[in-house]
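Report on one structure; see the data block that follows.
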There are 2 protein chains.
Amino acid sequence: MKKVSRQQIDLQVDLKYLEDTLFVISGKWTMKIISALSCGNKRFREIGKAIPDITFRMLSKELQQLEANKLISRTVTTEGRMLIHYEITEYAKTLIPVISEMIKWGKDHRRAYRSV
Amino acid sequence: MKKVSRQQIDLQVDLKYLEDTLFVISGKWTMKIISALSCGNKRFREIGKAIPDITFRMLSKELQQLEANKLISRTVTTEGRMLIHYEITEYAKTLIPVISEMIKWGKDHRRAYRSV
DNA sequence: CAGTATCCCTGTAGATACTG
DNA sequence: CAGTATCTACAGGGATACTG
C-alpha cells in the first residue's frame, strides 16, 4: 500500500472546512473591523473612522455578518441617547492562530517576491 | 507603560501581510485546484474533471493567476501532440501550515454552530 | 488536447439620502 | 448617535463558440 503524505490527505478531505474558514475571514473589511475592535474602538462611528474608505453601509452589513458568525457581540445601552458598543468575542480570539499563520506566510511571500 | 497583548499588536501592524495571504488563497477555485494538483491530477482537462462545476474559462484564468503567484508550475512537452502538465511548487507547500490552521478552525467553527 | 474570445448576467460595493 | 434604503456602476464568473 502506497503511503500518501499527510499534506495531500488534509487538502483533499478537509476542503469543506477550509472553505468555511475562508468564508468567515475573507471579506474585504472583515479583518480590518476585527483589528479596529481589538485596538479599542467600540462604537459604530468610531470603527468607521478607524477604517479608511469604509462606508456606513458596508460597516453596517459587515457588522451584521460578523455578529451572525459570532465573531463580535453587539450591546445596546439605552441611557437617554442610544449607546451601542461592539466587542470581539472570545470565540473570535480562537482565530488568532489562523491569522498568525497567515501573517507569517504573508511576510515570507513578500520576501520571496523581492528576492526573485 | 501599559502592556498590550501580542494579539492586538499582530492584528494591527501586520494587516498588510494578512491581506496578501488572503489575496493569494481566497479565490473561489484556488484551493480546489491546489488540492486537485496535490492529489495527482496534472493535465488541464484532468484538473477540470476533478473539480465539480469549474469551467474551462475559470480554470484557465485561475491557473494563470496561480502561476503568477508561483504556486504552480506549467511545463510544456511537445512530443507530437501538445502535452502540458501542472504541478504545485515547493513554494506552494509552504502554505500547508496556513491551510492546516484554517482547516482546524473550520472544524471547530462548524462544531460551535451545531452546539448552539 | 489545451486552451482563448465573446457575450451576458448577477452579485457586491459605492454614493447619497433618509430614519429612529 | 446608529444605522437603513435606494439607486447605480462595475467586476467576477457562467455559457457558448471558437483556435492552435
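Just so it is clear: chains get the letters A, B, ... in the order the sequence lines come, proteins before strands, and each one is counted from 1. Note that the structure is a prediction, hence the values are computed from the model and not measured.
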Open item on the list: Pairs counted only when both distances fall under 3.5 Å, Watson-Crick or G-U: show me the 5' to 3' dot-bracket for DNA chain D, [ ] for pseudoknotted crossings and | for other-strand partners.
Closed with: ||||||||||||||||||||

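- To the nearest angstrom, P of dA13(C) lies 11 Å from CD1 of I33(A).
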Open item on the list: Run the side-chain contact (heavy atoms from CB on, under 4.5 Å) test on T94(B) and D108(A) for me, step by step, so that the C-alpha distance in whole Å, both residues' side-chain angles and the decisive distance to 0.1 Å come before the verdict.
Closed with: CA-CA 9 Å; T94(B) 64; D108(A) 290 348; over 6 Å; no

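- Summarising the geometry, the separation between CD1 on I84(A) and P on dT19(C) is reported as 19 Å, rounded to the nearest angstrom.
- For the pair K32(A) and E19(B), the salt-bridge criterion is met [side-chain N within less than 4.0 Å of a carboxylate O].
- Between R74(A) atom CZ and dC1(D) atom C1' the separation is 12 Å, expressed in whole Å.
- Panel note: side chain Q65(A), backbone E62(A); no donor-acceptor pair is recorded below 3.5 Å.
- The main-chain N or O of L22(B) is found under 3.5 Å from a side-chain atom of S26(B) such that the two form a donor-acceptor pair.
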Open item on the list: Apply side-chain contact (heavy atoms from CB on, under 4.5 Å) to residues M31(B) and I33(B) and explain how you reach the verdict.
Closed with: CA-CA 5 Å; M31(B) 293 316 304; I33(B) 292 173; over 6 Å; no

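- In this model, the phosphate group of dG3(C) is approached by a side-chain N or O of Y86(B) to a distance below 4.0 Å at OP1 or OP2.
- Within residues 42-51 of chain B, the residues having any heavy atom closer than 4.0 Å to DNA chain C are, in order of number, R43(B), F44(B), R45(B).
- Partners of E87(B) under the side-chain contact (heavy atoms from CB on, under 4.5 Å) rule, at least two apart in sequence or in another chain, are K42(B), S73(B), H85(B).
- Rounding to whole angstrom units, CG of residue L83(A) and C1' of dA2(D) are separated by 10 Å.
- There is no path of hydrophobic side-chain contacts, each under 4.5 Å, that joins L83(B) to L37(B).
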What pairs of nitrogen or oxygen atoms, one from the protein and one from nucleotides 13-15 of chain D, lie under 3.5 Å apart?
residue, atom, partner, partner atom, Å
dG13(D), N7, R57(B), NH2, 2.4
dG14(D), OP1, K28(B), NZ, 2.9
dG14(D), N7, R57(B), NE, 3.3
dG14(D), O6, R57(B), NE, 3.4

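- Every salt bridge (Lys or Arg N to Asp or Glu O under 4.0 Å) that E101(A) has, sequence neighbours left out, goes to K104(A).
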Open item on the list: Run the side-chain contact (heavy atoms from CB on, under 4.5 Å) test on I103(A) and T21(B) for me, step by step, so that the C-alpha distance in whole Å, both residues' side-chain angles and the decisive distance to 0.1 Å come before the verdict.
Closed with: CA-CA 7 Å; I103(A) 289 169; T21(B) 306; over 6 Å; no

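- In this structure, Q64(B) atom CD and dA5(C) atom C1' are separated by 13 Å, rounded to whole Å.
- Here W105(A) and Y91(B) bring their ring centres to under 6.0 angstrom of each other.
- When the side-chain contact (heavy atoms from CB on, under 4.5 Å) test is applied to R57(A), the partners found at least two apart in sequence or on another chain are T55(A), K61(A).
- At whole-Å resolution of the value, CZ in F56(A) and C1' in dC1(D) are 10 Å apart.
- We find that CG of L59(A) is positioned 12 Å from P of dG14(C), with the value rounded to whole Å.
- Atom pair Q65(B):CD and dG12(D):C1' shows a separation of 12 Å (rounding to whole Å applied).
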